[in-house]
Amino acid sequence: DIGVTGVQTCALPIYWSPVKPELRNKVLLPILSDQYGAVLERGELQLSFDEGAIVLRYGNLRLPLNPRQTPEVLKATMDDLQKEMSGDPALREYLSILTALSNLPAIVEQDPTRIEERQREKEVARERLAKLYNASGPIRRHLSDCVRTMNGQPGNPKSFDALHHLLEAQAYRLASWKTASHEINYRRFFDINQLAGLRMERPEVFQSTHHLLLKLVAEGCITGLRLDHPDGLYDPASYFATLQKGAGPLYVVAEKILCPGEYLRKGWAIDGTSGYDFLNLLNHLFIDARNSQKIKDIYEHFTGRFVDCEEEMYRSKKLIMSTSMASELNVLAHHLNQISETNRRWRDFTLDSLRDALREVVACFPVYRTYISDSAASPSDELIITKAVAYAKEVNPAIDASVFDFIRAMLAPQRTSGLSPEDYERQLEFAMKFQQYTAPVQAKGVEDTAFYRYNVLLSLNEVGGDLGRFGVSVGDFHNANVERQRDWPGALLATATHDTKHGEDARMRLDVISELPEEWEQAVFQWAAMNRAHKTVLDGRFHPDANDEYLLYQALLSAWTPGTEFSDLGSLPSRLREYAIKAIREAKRHTSWIRPNDNYEKAVLRFLDK
């Protein structure tokens, strides 16, 4: 519906006024497998006539074209058509359709009446053209010729000029999928370009997207819900309240990841979390805390890596913000820069300094997000922001401290006598959008990067896990259960979900390592000596590196059921190959999903096979 419903009523959070002028009033579509020009001149972008409309096809994708501009396509070879059909009523009908399309209201029209007129008249024109196409052979041949001419000829770059001109005039800008990291101008589900976020805070969007769900609840077909990724919502508390109001009293658990020291917010209209907190606490019950330092020493001795878990998470989050989620950071920085320009006390902050400081604050954020809305910030949110800014200052002495103080004030705006309502709303909007950014950075940086880099004991590296914790006492386990029974008796108690990285049995086998540090050390170094010959030399180094090798030994141990003979492994080798590629790409140290390193991946698979 982009370009049809109008900017103000659009359900997608699109940044219509980005810094790059070529993206103004456009949506970036990073869907191409290669650079736009290369894809275009290979003839992979093709127009086609589809039931009265000209559409663009790319592989299996069907993209709309602004109907007001389709006469550019339909007027090609018009002189020949007029000579052939002189005096034919079908020609007059065809010319009338072109005039109607040319006179459609503009795509940026805001007036609801004009928007409705555009919708109505374009459909009328489409139906007329479809009917004419089926009734007139000359028109049918003409349309085929027009489309063929516009589609160009591979090997003749000049022949694609007209199609390029047409595509540049659309409400979207086609681009390579790699451009999304720095230029995407709509909010996504994490960093997945094909999954756009919706403005669920808008009543009309909520009603439209929840119509079927609420109907099934009303009919008694559904009695409870498990909500994934609520931290991506603009205002989770408001969403939960709206859901309960529309569905009546309903059992709801939310996939809220609680970080160390964090508690589920009281007052939310839910019954508790989806169970990651219980899952990880239960797993720690089977880890021998007395051997924490021994297990860490073995890891550091084997791998030669002496980075603690906090440093690993900090680095990983910064990596995500400089790569796959850089565009969202740029948007936040520009928003903050616009706020700074409105006040003479802040105007000297540069865009680059604000972006750098924002990156550091997000990297130092101790939880997924805060939950500031139109009411005053809660004490817990104030404390979280204060901690993050203080730590960012500490690790970045070269950045002006006043920039961090400014950000601190913007992340928890206050209604004061010296702040206009307009300024307060602008700051509140920034704070709430900032909250939607820290959550996916935490997920991608910690869960999907650091958890594949910091391989001390893989059973610790679960969603919602705490790398800095090693085991829990029976007493602490029971105390946590008592608190849960008191505060959230309806919370889900899970031992596995669709997102857990290892099954229960795998985690149990890995936990045993914590009980046998001496035996584990002897075994893992023996395996390394046995398998050294299976490594591949790349750029003068043996691969896989020791960190990935350490991960593979744990993966093998976790999946190999005791008593299984080599001849009975079945699908295990192929499953381990798939796991190995996923793990090393998620780690993003030698290869990644965005830029796979074929040589390194082959070295890992060869090592694993041998």
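The distance from atom CG of Asn461 to atom OG of Ser459, rounded to the nearest 0.5 Å, is 8.0 Å. In this structure, Phe470 CZ and Ile295 CD1 are separated by 5.0 Å, a value rounded to the nearest 0.5 Å. Atom-to-atom distance recorded for Arg606:CZ and His534:NE2 is 8.0 Å, nearest 0.5 angstrom.
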For this session: Take Phe190 and Leu195, measure what side chain to side chain contact (heavy atoms under 4.5 Å, CB included) needs, and give me the verdict at the end.
Result: CA-CA 9 Å; Phe190 294 108; Leu195 298 180; over 6 Å; no
Exercise. How far apart are the C-alpha atoms of Phe607 and Trp527, what are their side-chain angles, what is the distance that settles it, and do they pass the ring-ring contact (aromatic ring centres under 6.0 Å, His included) test?
Worked result: CA-CA 12 Å; Phe607 178 81; Trp527 296 337; over 10 Å; no
For this session: Show the numbers, then the answer: is there a side chain to side chain contact (heavy atoms under 4.5 Å, CB included) between His498 and Asp228?
Result: CA-CA 11 Å; His498 68 291; Asp228 271 10; 3.2 Å; yes
Exercise. Checking side-chain hydrogen bond (donor to acceptor under 3.5 Å, both in side chains) for the pair Asp297/Gln293: CA distance, chi angles, key distance, verdict?
Worked result: CA-CA 6 Å; Asp297 289 344; Gln293 190 59 49; 2.8 Å; yes
For this session: Please report the C-alpha distance between Arg305 and Glu311 in whole Å, then the side-chain angles of each, then the deciding distance to 0.1 Å, and finally whether the salt bridge (charged side-chain N to carboxylate O under 4.0 Å, His left out) criterion is met.
Result: CA-CA 12 Å; Arg305 302 184 82 236; Glu311 178 70 15; over 6 Å; no
Problem set entry | Tyr234 and Tyr239: CA distance, side-chain angles, deciding distance, ring-ring contact (aromatic ring centres under 6.0 Å, His included) verdict | CA-CA 9 Å; Tyr234 190 65; Tyr239 171 83; over 10 Å; no
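Ring geometry, Phe278 versus Phe477: the interplanar angle falls from 30° to 60°, so the pair is classed tilted. Using a 30° and 60° split on the angle between ring planes, Tyr600 and His543 fall in the perpendicular class, above 60°. The aromatic rings of Phe434 and Phe430 are tilted relative to each other, their planes meeting at an angle between 30° and 60°.
Residues Leu243 and Leu225 have side chains in contact (heavy-atom distance under 4.5 Å, counting atoms from C-beta outward).
Judged by distance alone, the side chains of Thr386 and Arg408 do bring a donor and an acceptor atom under 3.5 Å apart. Tyr299 and Asn547 share a side-chain donor-acceptor pair at under 3.5 Å. Under the 3.5 Å distance criterion, with hydrogens and angles disregarded, no donor-acceptor pair is assigned to the side chains of Tyr452 and Arg585. A side-chain donor-acceptor contact under 3.5 Å links Asn193 and Arg188. Side-chain atoms of Glu601 and Asn597 include no donor-acceptor pair closer than 3.5 Å. Checking His590 against Asp548 by side-chain atom types alone, no donor-acceptor pair falls below 3.5 Å. Using modelled atom types, one finds a donor on one side chain and an acceptor on the other under 3.5 Å when comparing Tyr276 with Thr497.
Screening Glu312, Lys318, Glu310 for a side chain to side chain contact (heavy atoms under 4.5 Å, CB included) involving Tyr314 leaves a single residue, Lys318. Screening Arg265, Arg369, Gln435 for a side-chain hydrogen bond (donor to acceptor under 3.5 Å, both in side chains) with Asp381, the sole residue that qualifies is Arg265.
At a threshold of 4.0 Å, the pair Asp511-Arg507 does not count as salt-bridged, since none of the basic side-chain nitrogens sits closer than that to a carboxylate oxygen. Salt-bridge formation is detected for the pair Glu518/Lys294: a Lys NZ or Arg NE/NH1/NH2 atom is positioned less than 4.0 Å from an Asp or Glu carboxylate oxygen.
Under the rule for a salt bridge (Lys or Arg N to Asp or Glu O under 4.0 Å), the partners of Asp545 that lie at least two apart in sequence or sit in another chain are Arg589. Listed by chain and number, the residues in a salt bridge (Lys or Arg N to Asp or Glu O under 4.0 Å) with Glu586 are Lys582, Lys588 (sequence neighbours excluded).
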